[in-house]
Amino acid sequence: MPDLPKAYQPQLVEDKIYQKWLKSGYFNPDNLPANSASPRTEPFTIVLPPPNVTGTLHIGHATMLAIQDAMIRFARLMGKKALWLPGTDHAAIATQSKVEKIIKEETKSGEKPKTRHDLGREAFLARVHQYAQESHDTIINQCKKIGSSLDWSREAYTLDATRTIAVNTAFKRFYEDGLIYRGDRIVNWDPIGQTTISDDEIIYKETTTKLYTFKYGPEFPIAISTTRPETKVGDTAVAVHPDDQRYQKLIGQKFSLTFAGAPLTITIIGEDSVDPNYGTGALGVTPAHSSIDFEIASRHQLPIIRVIGEDAKMLPTNGGLVSGLPVLEARAKIVDWLRTSGLLEDEQEIAHNLPTAERTGATVESLPKLQWFIAVNKSFLKNGRTVTLKSLMQEAVRSKSIQIIPDRFVATYFTWIDNLRDWCISRQIWFGHRVPVWYRAQEIVVGIAPTGDGWVQDEDTLDTWFSSGLWTFSTLGWPDLNSPDLKTYHPTSVLETGYDILFFWVARMILMSTYLFDQIPFKTVYLHGLVKDDQGRKMSKSLGNIIDPLDMIAQYGADATRLSLVIGGTPGNDTRLSAEKIAGYRNFTNKLWNIARFVLTTVDGSMVGEAVGDSMVSKIKSINSVTPITLADQWILSRFATVVEKVTVHNHVLELSAAGELLRDFTWGEFADWYLEIAKIEKDKDEILLFILERLLILWHPLMPFVTETLYESWGRGLIMVANWPVADKPRYQNLDAEGSFAELQELVVGIRNLRSESKIPPKEVIDLTLVGANIISDTDLNLIAQLTKTTILQSASNNSPTTPVSQVSSTSSDGSTSSDGSTSSATAVIGERTISIVLPEQADPTIQRARLRAEITTAERYHSTLTSKLTNADFTSRAPVAVVVIEQEKLAAIEAKLITLRRELKNVGEY
RNA sequence: GGGCGAUUAGCUCAGUUGGUUAGAGCGUCACAUUGACAUUGUGAAGGUCAGAAGUUCGAAUCUUCUAUCGCCCACCA
C-alpha cells in the first residue's frame, strides 16, 4: 500500500520527478519505446520559440512552456515520435542594450558615462557573451522547473557555430539570387543605440506637437507646413498637386534663397501624391530625412542634402544658424528665426505619433545610409515559376498549407505582408552574426571567409530575426539536406507562440523556409494571448504587478501554475492571472491527490502486489476492462467513456483549455463528489475505481505532469509519460439510459438535501422521507438515495409510470399521505415527476414552508404561462419542428403536475 | 484614417451548427466536520446576456447600427 501524505507537497517531489524523466532519456524521441497502440513512427515536432538571453523567463514564457509541453506530452502518449527542440536566441540588439546599460551603471560618479567603445569590440563582446551565458543557464533551469519535456540533447543557440553556418549559407543564397543587396536608403536610425532598426522595431508614441506654417523667405511664393522646421535646411523642393490651380503655373520654377542662414535651392514640382486639401496643399521636400521625400526626390532627380547626423544633432555643414545643435534646440531656434523674420504664418497644436526605438526609447531619425536589404518585391525564378519573397509568404498561408489559430490572424498576416517594404537586415551593433561579406579593394566575397591577405569583413551585424527566421530547420541540420533530423522532423507540426510576434518572427520563418528550403516551416501556427494581471493590465516592473512563475511554482507547485495558465485561455485572447487563481488550481491538484489516496488506500489488498524497490513504489494490478454492476457503475463508466473521447478530440485540435475544463469537471464534480461517495456506500468497486483512476491520471498528464507521474509510481509500471493514451470504448461502456436514470437520482438527492437544508434539519439526523413515484426506482437505488441523504424512505406510491398523466399523480398521492393530514407540518418539493416530503419537527415554523412554496409556485406559474403562450401560438406549432413542439408539450404537462402538487401542499401548511 | 477583439452573476470566464427556466470557478451567506481531502463537504442567494433595430415560430447565439474598453496597422507633410 503506498504511503501517501495527507496533502500533496509538490516541493518535495517535482525535482526528483524531473530527474527521473531526464534519466529515462525519453525526452529524446530516438529513445522512446514503441507504444502498444502505435509503432511510434509518426513524427510530431515543436521547436521551442527560443527565449531571448536577456534575463529571466516571465509568466508569458511559462504559458508558452505549459501549452507546448501539454501538446508534446499528448503526442508522446499517443505513440508519436515526439520532439520538442529547445534553444535560446541571442537577441542581438536587446541583449547588447541590456549589457550597455549595465556598463553605463558601472560608471563611477563624476566620470563620463561608460560605453561599449570604452571597452572595445572584443572586450565588450566578452561581457555580452558572459551575460548571455548566465541568462541562458537561468532560463534552462526555469524551463526544467516548469516540467518542460524538452530534448536537451538537441539544444541550439541562434549564435552558435552550427547556426552560424546556416546563417552564412542563407545569406549567400539570397545574395547570389540577387535578393540581398547593399544600397543607400533612408533607414530608421536609433541615435542612442547607434544603429539602424527595422520598421517593426519602431513604437509610435502619442504626443502633441506644433504644426508650423511658413514661407522659406519673403520672396518665396508658397507657404508650407511642418512639425519639424529644423529639417527644412535640407529641403530641395516643394511638391504640389499638378492639378492645383493655385500653384500649377509655378511648377518647374527654381528659387535660390537663404533659409536661417543656410543657402537653399528649391524647385517647385508636381506630385500626384500630394493632398491639395491638407495644410497649404504644398509639401516641403526633405529628401535625406523622410522616406517619402526620398522617393519623390529620386523620381525628380532632386539633390539629397543631409542635415542631421547620427548623433541626432544638426550637421556642422549646411545648417546655417542651427549647425551642430541637437534637433530640438535647432527647432526652437528656427521657429524664433521664422517669427522674427515675419515668415511664420500659423502655428497650431496637433496630435502626433512620435517614432521611438523599441529598445532604447530614442526618437528615431530617418536618414540615408548604406545598408544591406532583403528585396521582398523583386521577381525571381523558383522551380520554373516567377515569384517574389512576398508572394511565397502569401502563398503558404493562402493555399492553406499553413493553418493559423485563431484564423482571424490570417487577415492580419496578409495586411502586414501587403505593406511590407524591403527588409533592412544590417545593424551597427557588435553582438550578433557579422555580415558574411569580405572586401579587398574592388573585390567582394560573400558567405565564406576568403583566404589571403588584406580582406576586411563588413563591420555590421545581422538583424536577429535573420537567424531566428531559420530556426525550424537550422536546428534540424540544414544546410545538410541529408540530415536525418531534417528529413524526419521537418516541416514541424505546430509553432506555438504569442500573437505579438506574428510579424517579427512567424512571417519571417515562412519567408526563410519557403525560399531556402522549399518547405513550409510548420503546419499549424497556434497563437496564445498575453498574460495580464487581474485587472487586465500588462504586467510591468513599474506597476509592481509582475507574477514570477518561479515564485508561483515554489508556492503552489508547477502543476497548479500550469493549469492556471492553460485553463481559461483561448488562442489569440489575453488571459488574466492572479495568485488566487493559481491557489484554486493548487486546491484541485490536492483534490486529485486525495482522490488517488482514497482509491489506493481503500482498494482490497489483492489489488496491490509486492512493494518494488523503495517503500513508495508498490505494484498495482492492471485492469483492462470492467463490468458495471450498479446504476452508479454504469453511469460513471458511460460518462468516463465520453470524457475520454472528448478530451482526446480536444487535444487533437489543440483545445487544451476545453480539455482541462472537461477533465476538471469530471474529476471533481462527478468522480469525486458522486462516485467516490457512492463507492463508500455500495462497496466492492475496486476494479472500477482503479480502472478509471489510472486512465484519468494519463488524461491529466499533459496538463499536470508532476502529480500524475508521482501517483503513477504506485502502479509500478514505469513512467506515465510513456503510458498509452486511454481508449474510450464507447460500444462497451456508453449507456445513455443509465446516464438518464442517474441524472434523475442526482436531482432527487439534491432536492432532498435542499429541503433538509432549508428546513434547518441537522445534516446528521436521520429523518423520514415520503417519496411519491418511487416505484420505477430499484430498491438498491432507493437505498442509495436514503444513505446519500440520511433519510429513511417511508413510502412510495405504487401505480404511476413515467408517462402517467397529471390527474393520476394527484389522485394517487393524496391517498394516505402522512404529510397531508394537517396534524404535522411537513416540507414538500416536486422533483421532475416525483414528489418528496419530509416531516418537520413540531416546533418548526410553518411560515418558512409557506414562503418557500409561494415562491416556487410563482416561478412555476410564470414558466407555465410562457409555455402556454408558446403552445397556443399557431406559428410555433405549425412551423417549429415536431420534436421541439413535443418537448414543449411535455414541459407543460410536467409544470402543470408540479403546480397541482405545490398548491395542494400550500393548503396543507395552512394557506387557505 | 483602416482593421481586429471584447462586452453574459460582485470578480474571472464557459456557452460548439439559433431550440431546457443561460452555466462554472472565485467571492458572499447558511449549515456541517475524529479518518481521501478545511487546499473539505452540503445547500442557498445572485444575471432584463452593453444598447437599439431587424431576420425567425423562436436570438446570449445570425444581420445592421450605436456605445464603452482594449489591441494592431498606417501615418499627412
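Chain naming here is simple, since letters A, B, ... match the order of the sequence lines and numbering starts at 1 in each.
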- Item | Whole angstrom value for the distance that separates C1' of B/C13 from CG of A/L577 | 14 Å
- So, A/F504 versus A/W416, ring centres under 6.0 angstrom or not? no
- Picking from B/U39, B/G41, B/G19, which would you name as closest to the side chain of A/P881? B/G19
- Query: Given the C1' atoms of B/G47 and B/U8, what is the spacing between them in whole Å?
  - Reply: 7 Å
- Item | P atoms of B/G58 and B/A53, separation to the nearest Å | 15 Å
- Item | Any A/K591 side-chain N or O less than 4.0 Å from OP1/OP2 of B/U40 | no
- Note on the structure: Of the listed B/U21, B/U34, B/C37, the closest approach to the A/Y863 side chain comes from B/U21
- Integer-rounded Å distance: B/C4 P and A/L527 CG: 17 Å
- OP1, OP2 of B/A77 versus side-chain N and O of A/T286: anything below 4.0 Å? no
- Look at A/R586 and B/U39 and indicate whether a side-chain polar atom (N or O) is within less than 4.0 Å of OP1 or OP2. no
- Message: As a test of reading the structure: which of B/U40, B/G19, B/U42 is closest to the side chain of A/N587, going by heavy atoms?
- Response: B/U40
- Gap in Å between the two P atoms, one belonging to B/A45 and one to B/A24, rounded: 12 Å
- Ionic contact status for A/R228 with A/E365, cut-off 4.0 Å: yes
- Query: When the distance from CD1 of A/I887 to C1' of B/U20 is rounded to whole Å, what number comes out?
  - Reply: 8 Å
- Can the ring centroids of A/Y556 and A/Y585 be said to lie less than 6.0 angstrom from one another? no
- Query: Can you find a donor-acceptor N/O pair under 3.5 angstrom joining the side chain of A/K232 to the base of B/A77?
  - Reply: no
- What distance, rounded to whole Å, do you find between the two P atoms, one in B/G2 and one in B/C65? 13 Å
- Between A/A7 and A/G284, name the one whose nearest nucleotide on RNA chain B is closer to the 5' end. A/A7
- Distance between the C1' atoms of B/A22 and B/C49, in whole angstroms? 8 Å
- Honestly, is A/K215 close enough over A/F259, meaning NZ or CZ under 6.0 Å from the six-membered ring centre and within 45° of the axis? no
- Message: Taking A/K6's backbone N and O only, do any of them form a donor-acceptor pair with A/N594's side chain (distance below 3.5 Å, no angle check)?
- Response: yes
- Query: With a 4.5 Å limit on heavy-atom distance, are the side chains of A/D533 and A/L577 in contact?
  - Reply: no
- If you measure from the Lys or Arg side-chain nitrogens to the Asp or Glu carboxylate oxygens, is any gap between A/K532 and A/D574 under 4.0 Å? yes
- Would you call A/K790 and A/E765 a salt bridge, using N to O less than 4.0 angstrom? no
- Message: Tell me whether the side-chain N/O atoms of A/R664 come closer than 4.0 Å to OP1 or OP2 in B/A24.
- Response: no
- Between P of B/U42 and CG of A/N754, the distance in whole Å: 14 Å
- Query: Contact class for A/N573 vs. all strands (heavy atom < 4.0 Å): base, sugar-phosphate, or nothing?
  - Reply: sugar-phosphate
- Rounded distance (Å) that lies between atom P of B/U20 and atom NZ of A/K898: 18 Å
- Compare every heavy atom of A/F876 with every heavy atom of A/K870, then report the nearest pair and how far apart it is. O-CD2, 3.4 Å
- When all nucleic acid strands are considered with a 4.0 Å heavy-atom cut-off, which category describes A/K581: base, sugar-phosphate, or nothing? nothing
- Touch check for A/K760, heavy atoms < 4.0 angstrom, all strands: base, sugar-phosphate only, or nothing? sugar-phosphate
- Message: How about NZ on A/K646, more than 12 heavy atoms from neighbouring residues, nucleotides or ligands closer than 6.0 Å, or not?
- Response: no
- Note on the structure: Once base and sugar-phosphate atoms are separated, protein heavy atoms under 4.0 Å mark nucleotides 69-76 of chain B, 5' to 3', with B, S and - as ---SSBBB
- Query: OP1 or OP2 of B/U20 sitting under 4.0 Å from any side-chain N/O of A/K891?
  - Reply: no
- Please determine if a side-chain N or O atom of A/N594 lies less than 4.0 Å away from the OP1 or OP2 oxygen of B/U40. no
- Query: Please give, in whole Å, the distance from B/U20 P to A/E747 CD?
  - Reply: 16 Å
- Looking only at side-chain N and O atoms, does A/W668 come under 4.0 Å of OP1 or OP2 in B/G41? yes
- Message: Whole angstroms only, please: what is the CG-P distance between A/L563 and B/A24?
- Response: 20 Å
- When you measure from the side chain of A/K680, which nucleotide among B/U39, B/A36, B/U21 comes out closest? B/A36
- Read 5' to 3' with Watson-Crick or G-U pairs under 3.5 Å, [ ] for crossing pairs and | for partners on another strand, RNA chain B gives (((((((..((((.....[...)))).(((((.......))))).....(((((..]....))))))))))))....
- Query: Contact class for A/S878 (heavy atom, under 4.0 Å): base, sugar-phosphate, or nothing?
  - Reply: nothing
- Task: Would you mind classifying the nucleic acid contact of A/T227 as base, sugar-phosphate or nothing, using non-hydrogen atoms under 4.0 angstrom?
- Result: sugar-phosphate
- Do other residues, nucleotides or ligands put more than 12 heavy atoms under 6.0 Å from the CZ atom of A/R421? no
- Query: Do the side chain of A/E758 and the base of B/A30 come within less than 3.5 angstrom through a donor-acceptor pair of N or O atoms?
  - Reply: no
- Report which part of the nucleic acid A/V750 touches: base, sugar-phosphate, or nothing (heavy-atom distance under 4.0 Å, all strands). sugar-phosphate
- Message: For the C1' atoms, the ones on B/U21 and on B/U48, what distance do you get once it is rounded to whole angstrom?
- Response: 15 Å
- Salt-bridge present (A/R508, A/D200; N to O < 4.0 Å): yes
- Query: Would you say A/K591 and A/W668 make side-chain contact, with heavy atoms under 4.5 Å?
  - Reply: yes
- Message: Does A/E888 reach a base, just sugar-phosphate, or nothing at all? Heavy atoms under 4.0 Å.
- Response: nothing
- Item | A/R597 side-chain N/O to B/C37 phosphate OP1/OP2 under 4.0 Å | yes
- Query: Using the P atom in both, what is the distance from B/A36 to B/U16, to the nearest Å?
  - Reply: 40 Å
- Item | 5' priority, RNA chain B, between A/T226 and A/Q535 [closest heavy atom] | A/Q535
- Could you give the distance separating B/A44 and B/C26 at their P atoms, to the nearest angstrom? 15 Å
- Message: In whole Å, I'd like the distance from the CD atom of A/E677 to the P atom of B/A32.
- Response: 19 Å
